[in-house]
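Heads up: the structure comes next, in structure tokens.
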Amino acid sequence: MTGPDLVAADTVERAAATAGQPQPYAELGLKQDEYEKILAILGRRPTAAELALYSVMWSEHCSYKSSKVHLRQFAEKAPPSGALLAGIGHNAGVVDIGQGYAVTFKIESHNHPSYVEPHQGAATGVGGIVRDILAMGARPIAVMDALRFGPAAAPDTARVLPGVVSGISFYGNCLGLPNIGGELDFDACYAGNPLVNALCVGVMQHGDLQVAEAHGPGNKVILFGSATGPDGVGGASVLASATFGDASAESAAKRPSVQVGDPFTEKLLIECCLELFAGGLVTGIQDLGAAGVACATTELAAAGTGGMAVRLDEVPLRDATLGPPEILMSESQERMMAVVEPGRVAEFLAVCAKWDVRAAVVGEVTGTGRLVMTWHGEPVVDIPAATAADGPVYTRPLARPAAQDELAASDPAALPRPAGGAGLRADLLALLASPGLADKSWVTDQYDRYVRGDTVLATPEDAGLIRVDEATGLGIALATDGNGRYCRLDPYLGTQLALGEAYRNVAATGARPLAVTNCLNFGSPEDPAVMWQFAEAVRGLADGCAVLGVPVTGGNVSFYNQTGTTPIHPTPVIGVLGVHDDVRRRPGIGFPAGAGPAALVLLGRTEPEFGGSAWAYVCHGHLGGRPPMPDLEAERRLAGLLAAAAAAGLLAAAHDLSEGGLAVALAESCLRGGVGCTVQLSGQLSGQLSGSLAGDPFTALFSESAGRCVVALQPGADEAFASLCAEYEVPAQNIGATGGGSLTVTDCFSVPLDELGAGHVRTLPELFG
Amino acid sequence: MTFPGSLDDRDAARAVTAAGAEPVVLWHGDRGLKGVDAVILPGGFSYGDYLRCGAIARFAPVMSDLVPAARAGLPVLGICNGFQILCEAHLLPGALTRNAGLRFINRDLPLRVENARTAWTRAYAGGERIVVPLKSGEGAYAADPGTLADLEASGAVVLRYAADNPNGSAAAIAGVCNADGNVVGLMPHPEHAVDPLTGPSADGLGFFTSVLTGVAA
Amino acid sequence: MPRMIVEVMLKQEIHDPQGEAIASACHRLGFGQVRGVRQGKRFEVELDGPADEAAVTAITQLARELLSNPVIEDFTLHADGT
Amino acid sequence: MPRMIVEVMLKQEIHDPQGEAIASACHRLGFGQVRGVRQGKRFEVELDGPADEAAVTAITQLARELLSNPVIEDFTLHADGT
Ligand SMILES: Nc1ncnc2c1ncn2[C@@H]1O[C@H](COP(=O)(O)OP(=O)(O)O)[C@@H](O)[C@H]1O
Ligand SMILES: [Mg+2]
């Protein structure tokens, strides 16, 4: 066997001498023209290590080559925002929330790994996004997870879902981060393509912001955290077989594509990094994510003075048989790379030692503009760093598919509606018991929502709410939303609906929405129909953010979510962050117990809008027509009203209306508070824009018109609230009052709370044990 | 007392402050107890809980000071992972094993205070019902039948799950104490029930005020 | 009572953070001769009938489908006492 | 590389929810001949030196103090391949 030091490294010298030797670029996912570009950049063939590096850096995942031309709109159309301290292009965006605090948050996908190995895939997804937040200089304070699976009753869902949930639970709980919310939905389009999107949010003081830049020639480059192993380098096997001969090809064939999470090491890494930041020992820092050392070194170098010299043989290894390409591509978790002034290296290493974190000086910053890597003294990489960091950019063809018209023509207005009170009652119970709308405790009980002691609201509330400052009550609210059905019908409007819903969820706590993150889950960008969906979604989001006055601060794109030629529904997941001036004044969704009856007011306008609705899907298996029409100006006024009413202490409860409409929202508020309500659907509307809901209880109960919310008022708040509604021009309708032990719709139906909750609570435990 | 992987340490410190006492940070790698009047071992995942919960933490340097002090009467409260550490260190009988459902459980639960005479439960009435969150994956209390019988006979069961038994604990035991009642271990987290803003109730505060009455005396 | 033993270990090439944490605990406790630890699972499967060939076939299938995760783990099995 | 194997099982009188859950899953999957399952741990301890008597003594102590909890678990150990 060849020893580690003898692994036949493909050196720059050898590459220059064998300039014409064919390379396995196609197997590594590079197109011929991309390979030719590399040849042109280098003036010779790339070494195996260089080929590995370019192939991962120019992958869709790292280079955003198909999405870049569209994502630009987020900056171009961004509304003016005084709150943005760091925007797109950083590991995560940073927002000023006042009182000297800054918040950073981002959502990222780990879809494919979670399908292959659900527990570890989801766990490492959480680990990865937490490191992104940490790299900004912030202390991570909470996580969220947005999940989509195939049909709830499918055998493969029984394999994937429990594993994903246990992975998120394992990693997040062990890190000590409260899980404050997320999403769970099911649809056949996600069978084989589950979506696992993880969000992390962190807090810091303004001055604590860190940068991912390697400046100052002579500064040291330190790799710290876990040792580097063969994790996730399955793809490197073709390189090994092409360049190293048979023995190592055999061992390479065994390289795992599965990464294993080590949350304990990550917890130590977090505390270690925060102590390093506090000590001023770091001039630049980058987390190691998908493309490991390749990505961290090129991005740090390209963003700084451009040059770096790295000794790959100094990288601490868990497996001594790894060679340069594998070290560059390894996706071993729980690693970070820092740039440190030479005089501070000893202090840096001492802090690492205190936290039992392995650290090694692996190189220096240079002023050459070139990224040079050696292996036992021999150069194996010598490239202009910027060429790897700035990948190719494609303007992919896009085309609105013809089937889009057929879909729109399939109007849910033609579906048979429930007859009378009994029919409405039955449909409500069916909706509440459907997997997508059922009680999520089976999942969320596995997540720690209390740790750190600052969780004010968590699942199943509209938004998570975390206290940031104990003295003043300053806090942040966060919600994520995405509706694949709406987006399938119209990706532009569907994305705006998702944005509007997340925005409204944040507003329902009394917080002011400030900024947006997003995870764009789509099929193959090489399919013009998917590319059209993507372009529409991005345009919808950018336009929507401009209207709402909240900038996109970052996000992530996940393409290739498809089975064969069938893509998933376009599923942008939108996260909105808001600031709460006093978390003690937050209404929850639960109707108040123990108090007298509270007046119920429905805010917003209700139109007969059933395209993509939960009712059409659950009760008829139907998807067609047009999604509800978002009105983001109205959404903005509603948010203003809610913040003002919460601040004035007028709200006893607030719950936004979304899937399942008013009926489902009322049921959720009843069940959460353990208190019933009686509503009349004939009350007069204060706004002048829309007629009364009388005469059409079906639409009143199940329509999914956007921009609506139901609130329960504090005793005696009616007048003050009515005048606020007038001031913010929000249509408001008194629909009844809380109280009693059932959900009663006058002249229609009544359901005791026990019955209301029975199916709702039973669904997921019956499916998943 | 903070071990690598302790998580609810700042919450325990906050609860101590809320009770009117001064929290002092003890670090696993240091020796000595800094003259404190009582020690709380907080929740979390010490050393990742990779072997068995609490198994590695019990060998931390500071434990060689804590164990004799606890045997000599120092009030010690172990919460969740802290409870597991106290069992591993043989300061409390029994052990905590995997939850019956094999899943981590975070739920607000009604509990009954069975023994209101320990250093940490004096503020409660015997039989009092409180609501406190549980959050653990290995919280099923286990001991051999003889030990269980002794616990019941001697009143060493401090806390019991009052409605459903969420995790398959023997005799629905949620907390136990040693013979002198100065060392108490609880699976539920009273430090997360000291303020209704951030917890289900303020019912947990009594654990932290209880110990002060002994100290002040 | 006839019993089969199924042993499930992480594949060699899969990272085992638990084993690593245990190994470093061993060192702290003074067991310097421990070079590495890998942690796996052991199942004792009690059978209603004899541990014959049919049982081995069934338990092999069980080990593959339920007791181990073939993506990251390997298993071996034997009758108890062998 | 010399290795010792340490096997840790819950004591008979201690309830084993994992084993029970697996046994009932076996029945659901049609493995009716499975009467019961108990789940334990298996450690592969790689040694720097030979698996001689001194090593056995040391690893026995390690198994007793760290790898198992005597309150609820029993352990056995043997050199790999024996
Ligand atoms: N959908 C998106 N919307 C806005 N910004 C995005 C989106 N997708 C990616 N970005 C931004 O592009 C940059 C690169 O993303 P990525 O490579 O995923 O970062 P990282 O490697 O730190 O995870 C980040 O600033 C990220 O926020
Ligand atoms: Mg990053």
Side-chain angles (χ1 to χ4, degrees), chain A residues 113-121 123-124 127 155 158-160 162-163 166-167 170-171 174 225-234 237 250-269 316-319 321-322 326 330-335 356-358, chain C residues 4-48 54-78:
Chain A
S114 301
Y115 181 65
V116 175
E117 186 1 64
H119 178 89
Q120 294 296 346
T124 52
R159 169 186 76 93
V160 178
S166 73
F170 160 69
Y171 207 101
C174 196
S226 289
T228 298
D231 317 82
V233 296
S237 54
E250 226 169 79
S251 74
K254 281 210 235 106
R255 300 296 190 211
S257 52
V258 175
Q259 315 137 28
V260 172
D262 180 359
F264 175 57
T265 294
E266 180 123 321
K267 167 72 179 164
L268 298 181
L269 198 55
L317 297 182
R318 214 174 61 232
D319 173 344
T321 66
L322 299 186
E326 293 161 310
S330 165
E331 297 186 348
S332 286
Q333 300 291 297
E334 292 93 23
R335 296 179 298 165
D356 225 346
V357 167
R358 195 184 275 108
Chain C
M4 304 272 312
I5 308 297
V6 180
E7 293 168 350
V8 177
M9 300 297 295
L10 278 178
K11 291 183 180 173
Q12 264 322 315
E13 66 271 22
I14 298 283
H15 185 193
D16 177 12
Q18 309 208 38
E20 285 177 16
I22 296 167
S24 54
C26 292
H27 296 157
R28 280 198 305 277
L29 293 181
F31 294 91
Q33 66 272 64
V34 173
R35 177 183 277 244
V37 176
R38 290 184 74 84
Q39 174 174 346
K41 295 177 193 149
R42 182 170 185 278
F43 299 92
E44 295 179 357
V45 183
E46 219 169 87
L47 299 175
D48 243 347
V56 171
T57 311
I59 303 307
T60 304
Q61 194 191 339
L62 181 70
R64 189 179 316 115
E65 291 180 6
L66 186 67
L67 302 181
S68 75
N69 174 354
V71 178
I72 53 174
E73 292 170 330
D74 292 322
F75 69 90
T76 59
L77 86 178
H78 58 267

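Residue numbering restarts at 1 for every chain, and letters A, B, ... go by the order of the sequence lines.
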Test item: C:E20 and A:R318 side chains (from C-beta on) under 4.5 Å apart, heavy atoms: yes

Smallest separation among heavy atoms of A:G261 and C:P17, with atom names: O-CG, 3.7 Å

Which bit of C:N69 is near chain A, if near means a heavy-atom gap under 4.5 Å: side chain, backbone, both or neither? side chain

Can you give me the closest heavy-atom contact between C:I72 and A:E117, atom names plus distance? CG2-CG, 4.2 Å

Need one label for C:Q12: side chain, backbone, both or neither, based on atoms under 4.5 Å from any heavy atom in chain A. neither

Distance check, rounded to the nearest 0.5 Å: A:T124 atom OG1 versus C:H15 atom NE2? 12.5 Å

